[in-house]
Amino acid sequence: MAAEHQGREPLERIAVMGAGSWGTTFAKVLGDAAEHHGSRRSIRLWGRSPEVVADVARHRNTRYLGDIALPAAITATLDPAEALEGAQLVVLAVPAQSLRAQLTAWSAHVPRGAVVLSLMKGLELGTDKRMSEVIAEVTSLPAEQIAVLSGPNLAMEIARSQPTGAVVACTDHGTAQWIAEACTAPYFRPYMSTDVTGVEIGGIVKNVIALAVGICEGKEMGDNTKATVITRGLAETTRLAVALGADLTTMSGLAGLGDLVATCSSKLSRNHTAGRLLGQGLDAEAVGARMTQVAEGIKSAPAVLELAQRLGVDMPITAGVVAVLRGELPVGKLEPLLLARQLKSEGD
Ligand SMILES: NC(=O)c1ccc[n+]([C@@H]2O[C@H](COP(=O)([O-])OP(=O)(O)OC[C@H]3O[C@@H](n4cnc5c(N)ncnc54)[C@H](O)[C@@H]3O)[C@@H](O)[C@H]2O)c1
Ligand SMILES: O=P(O)(O)OC[C@H](O)CO
């Protein structure tokens, strides 16, 4: 099926770099998709923990996914070169702030014709670059070989085969379609887009807004408050995305509104959880110490704010979250600060 697009061959050899919650779950999606379509496929999962790699050999990743069984097509290795050898698709699922260093170490082993797909939802601190931009810089691959996937994709729900949608974006529609076909499973429905910027910005900023909603929850505020933060959060996400050249419609789609709603409402969300702890009075350091998995919004929030300020985009919720994270604003002052802002029209 995939061979019909851009002369690409069927997707049989995939490397997934990162054996945490999402890397492992997406490997499972790819394995289940191949099984569903009766296709041959080898999925090599790179992990840095010997225990996790040994567990995956027994078709489990207990640390991240409990007793969920993994498809036989998935094997795991500690050796990035072994994972990457001959890969047609390289899927990246490590914490955003570690990507540049890791990919630099791996890039000599990335096959030149491979497409690189980012699953990550973070903005690089210090450069304010999106993951697709970091990938382009480190690998020098052309845009048609760089794709991103985002949407309301809480890993544990997907690992349990609960249905969801996602968006695969690449400037080249054929590449997006090739990937979308390869990851279509009975419980996973990808849509295609050429709006890489919009899809990434939706995924990055929803983590910051989820921190804000988590703060509301930690302070035991009600649903009106949370709905207001979600809605105004979408407004500031949209302002940033459009200033960066994204399509407005992406923001009302799965990678915008869809992911924002999922992350802001779910107890499974690490960003939402981190926000709740902030709302209960813990400082950023104490919250970081409690988290066993990455909550990208904590590190990305200052980068999002810096990017917005550089573009002259107003992002008051993000600014408030950053001030709380930096310890510059007591969490109890966030609400009065946001409510006391100058009156404005809703569309502004
Ligand atoms: N978990 C989800 O539900 C989900 C869904 C969609 C997108 N994402 C995104 O996917 C990316 C990966 O998230 P995840 O949930 O798999 O994270 P995780 O914390 O569950 O796993 C991260 C993995 O990266 C590895 N790793 C490699 N280098 C690392 C380093 N320098 N520091 C820390 N860990 C390192 C860890 O060992 C671990 O296997 C994030 O950008 C996240 O926003 C996650
Ligand atoms: O657990 P979180 O907060 O990283 O969110 C996971 C996914 O991004 C939800 O789509």
Side-chain angles (χ1 to χ4, degrees), residues 16-29 45-53 55-56 61-66 76-78 80 83 91-106 117-124 130-132 134-135 148-160 162 164-168 183 188 190 199-200 202-214 254-277 287-288 291-301 303:
V16 178
M17 309 302 283
S21 325
W22 190 213
T24 309
T25 301
F26 192 67
K28 179 179 183 298
V29 170
L45 186 58
W46 168 83
R48 56 179 196 160
S49 151
E51 293 76 35
V52 167
V53 166
D55 204 17
V56 174
N61 187 343
T62 318
R63 184 185 298 175
Y64 292 100
L65 301 182
T77 176
L78 292 163
V91 181
L92 300 174
V94 292
Q97 305 307 329
S98 75
L99 178 68
R100 187 178 291 272
Q102 311 240 38
L103 193 53
T104 301
W106 299 335
L117 172 68
S118 165
L119 302 186
M120 296 160 290
K121 295 177 176 173
L123 198 63
E124 189 178 52
R130 293 175 283 109
M131 294 299 102
S132 65
V134 174
I135 294 165
V148 302
L149 181 143
S150 193
N153 295 158
L154 294 150
M156 205 57 215
E157 291 187 6
I158 296 173
R160 292 182 183 127
Q162 293 173 4
T164 193
V167 186
V168 181
C183 66
F188 195 81
V199 167
E200 283 188 295
I204 293 162
V205 183
K206 64 86 188 177
N207 285 333
V208 182
I209 305 305
L211 287 171
V213 173
L254 290 165
L257 179 63
D259 199 5
L260 183 66
V261 169
T263 311
C264 291
S265 7
S266 178
K267 298 258 185 292
L268 291 175
S269 158
R270 288 84 46 93
N271 290 285
H272 185 261
T273 302
R276 212 169 50 242
L277 295 172
V287 171
M291 304 301 294
T292 54
Q293 295 179 21
V294 67
E296 294 282 23
I298 295 177
K299 296 257 173 69
S300 291

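Residue indices begin at 1 and follow the sequence shown. All of these numbers come straight from a predicted model, not from anything done at the bench. Note that ligands are numbered from 1 as they come in the structure, with each ligand's atoms numbered from 1 the same way.
- Taking 4.5 Å as the limit, every side-chain heavy atom of Ser118 sits out of range of all side-chain heavy atoms of Val134.
- Under a 4.0 Å criterion applied to the non-hydrogen atoms of Lys121, ligand 2 contributes the atoms 7 (C), 8 (O), 9 (C), 10 (O).
- In summary, the atoms of ligand 1 found under 4.0 Å from a heavy atom of Ala155, numbered by their order in the structure, are 1 (N), 2 (C), 3 (O).
- Counting heavy atoms only, Ser98 comes closest to atom 31 (N) of ligand 1 of the residues Ser98, Gly297, Gly47, Ser150.
- No N or O atom of His272 sits closer than 3.5 Å to an N or O atom of ligand 2.
- At a 3.5 angstrom cut-off on N or O pairs, Gly122 does not count as close to ligand 1.
- Applying the salt bridge (Lys or Arg N to Asp or Glu O under 4.0 Å) criterion to Glu200, with sequence neighbours excluded, gives Arg130.
- With distances taken over non-hydrogen atoms, the option nearest atom 40 (C) of ligand 1 out of Arg48, Glu296, Met291 is Glu296.
- Of the polar atoms of Ser21, at least one N or O is found under 3.5 Å from an N or O of ligand 1, judged by distance alone.
- Evaluation of the salt bridge (Lys or Arg N to Asp or Glu O under 4.0 Å) rule for Arg100 yields Glu124, Glu137 as partners, not counting sequence neighbours.
- Taking a cut-off of under 4.0 Å to the non-hydrogen atoms of Asn271, the atoms of ligand 2 that pass are 2 (P), 3 (O), 4 (O).
- Taking every non-hydrogen atom of Leu154 and a distance limit under 4.0 Å, the qualifying atoms of ligand 1 come out as 3 (O).
- The shortest N or O to N or O distance between Asn207 and ligand 1 is not below 3.5 Å.
- Not one N or O of Val294 is nearer than 3.5 Å to an N or O of ligand 2, by distance alone.
- Contacts with ligand 1 closer than 4.0 Å are made by heavy atoms of both the backbone and the side chain of Gln293.
- The distance from ligand 2 to the heavy atoms of Asp259 drops below 4.0 Å at these ligand atoms: 9 (C), 10 (O).
- Using a 4.5 Å cut-off on side-chain heavy atoms (C-beta onward), Trp22 and Lys121 make no contact.
- For the ligand labelled ligand 2, residue Gln293 lies outside the 4.0 Å heavy-atom shell.
- Contact atoms of ligand 2 toward Gly151: 10 (O) (distance under 4.0 Å to a heavy atom of the residue).
- Looking at atom 8 (O) of ligand 2, its nearest protein heavy atom turns out to be Lys206 NZ, 2.7 Å.
- Protein heavy atom nearest atom 4 (O) of ligand 2, with residue, atom name and distance: Arg270 NH2, 2.9 Å.
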